[in-house]
Colleague: 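Let me begin by handing over the structure; questions about it come next.
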2 protein chains.
Amino acid sequence: MKNKKNKTKGFTLWFTGLPCSGKSTVADKVAEKLRKKGMNVERLDGDNVREHLTKDLGFSKEDRDKNIERVTYVAQLLSRNGVAVLATFVSPYIARRNKTREEISKDAHFIEVYAKCSLEECKKRDVKGMYKKAIEGKIPNFTGISDPYEEPLNAEIIINTDKETVEESVEKMMKKLEEFGLI
Amino acid sequence: MKNKKNKTKGFTLWFTGLPCSGKSTVADKVAEKLRKKGMNVERLDGDNVREHLTKDLGFSKEDRDKNIERVTYVAQLLSRNGVAVLATFVSPYIARRNKTREEISKDAHFIEVYAKCSLEECKKRDVKGMYKKAIEGKIPNFTGISDPYEEPLNAEIIINTDKETVEESVEKMMKKLEEFGLI
């Protein structure tokens with residue numbers, strides 16, 4: 001098994017979905033499983049990326065696109081060097097996601113993962129109380145409330161995070177990665 | 001030799017020096033040699049980074065520091081995943097370079113490479129005519145003319161690019177990397 005690590009083909013699992021749809025929860029578990037297989041794994045999410053790379057950006061369409069542009073560059077560099085990248089970003093715009101797909105696919109595998117969860121359920125979860133604030137008008141440009149979310153048309157993997165348990169979604173993803181020959 | 005790739009410890013070679021001091025020329029040749037050894041190699045320089053990551057930044061001290069901050073994050077992610085990163089940036093400020101050292105050293109090797117070349121020689125080379133423009137006042141914040149360059153105090157490698165040939169500098173670097181147990 002030790003050699004497995006060295007044979008890893010790099011890839012990016014790009015999780016998109018509404019706030020509170022469960023992207024990070026599933027991604028963290030998948031990342032853990034991949035690490036156990038001896039892979040080099042990196043998690044990219046809003047928190048670590050905005051801290052190091054995009055502190056200057058807000059949430060307008062333009063800034064969101066810039067944010068994803070920079071993340072794309074990082075994910076591309078990592079995955080073309082054999083790393084399994086799990087990126088979790090609302091990334092609400094199809095055009096920008098498609099550019100990301102195009103760029104990363106040049107020299108690695110790109111898998112779009114749609115964390116599909118009804119807006120009602122996301123609002124109910126409201127982990128950080130952000131939906132509440134957005135509905136009260138205290139946060140502008142909030143996806144699902146005051147900003148659009150464009151659903152993926154061609155996601156390689158759809159996890160139904162309002163119907164499946166976390167374990168089921170993780171299992172589904174691991175099976176797909178096997179099917180794609182990536183693990 | 002094929003296995004060599006997989007045993008590579010990641011590292012960042014951080015080239016600092018005045019504009020036209022020869023950082024990129026030497027880094028490109030070293031990168032080529034490392035690739036031939038089967039290593040995963042990435043070159044980061046002002047051109048590719050400003051295109052993808054830092055398009056929004058100028059050359060004030062604040063913007064230079066932000067530029068290096070973002071590059072540092074990328075170099076850190078890559079080198080902790082086994083990649084040999086060769087980063088070539090004027091990076092004139094000691095404090096910022098030391099932060100870079102600190103961050104990358106957390107989980108990979110960091111080697112500062114000082115491309116030491118007299119200002120006179122750099123001005124004479126003036127590859128893109130930038131010194132001329134800076135002296136004429138057409139480019140503000142130009143390191144060596146209207147902006148300071150703080151020489152490294154503890155660079156692991158010094159290449160005297162106004163005294164050595166490119167080949168000699170490359171040779172010196174490869175020997176050092178061997179000494180450090182990195183190749």
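A, B, ... follow the sequence lines: proteins, then strands. Residue 1 opens every chain.
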Colleague: Does A:Val26 belong to the same Ile/Leu/Val/Met/Phe/Trp/Tyr cluster as A:Val90, with side-chain heavy atoms less than 4.5 Å apart forming each link?
Modeller: no
Colleague: Which residue out of B:Gln76, B:Lys55, B:Glu51, B:Arg80 racks up the most heavy-atom pairs below 4.5 Å with chain A?
Modeller: B:Arg80
Colleague: If two hydrophobic side chains count as joined below 4.5 Å and joins carry through other members, does A:Ile145 share a cluster with A:Phe59?
Modeller: no
Colleague: Please report the interatomic distance CZ(A:Arg70) to NE2(B:His52), rounded to the nearest 0.5 Å.
Modeller: 13.0 Å
Colleague: Please tell me if the side chains of B:Leu77 and A:Leu44 come closer than 4.5 Å, counting only heavy atoms from C-beta onward.
Modeller: yes
Colleague: Using a 6.0 Å cut-off, check whether atom NZ of B:Lys172 has over 12 heavy atoms from anything other than its own residue.
Modeller: yes
Colleague: Give me the one residue out of A:Asn81, A:Val41, A:Leu78 that meets side chain to side chain contact (heavy atoms under 4.5 Å, CB included) with B:Asn81.
Modeller: A:Leu78
Colleague: Hey, quick one: are B:Leu119 and B:Ile158 part of the same hydrophobic cluster, counting side-chain heavy atoms closer than 4.5 Å, chains of contacts allowed?
Modeller: yes
Colleague: Are A:Ile111 and A:Ile183 linked, directly or through intermediate hydrophobic residues, by side-chain heavy-atom contacts shorter than 4.5 Å (ILVMFWY only)?
Modeller: yes
Colleague: Which distance, rounded to the nearest 0.5 Å, do you find between the CD of A:Glu69 and the CG of B:Leu53?
Modeller: 9.0 Å
Colleague: Considering only heavy atoms, which portion of B:Asn48 lies under 4.5 Å from any heavy atom of chain A: side chain, backbone, both, or neither?
Modeller: both
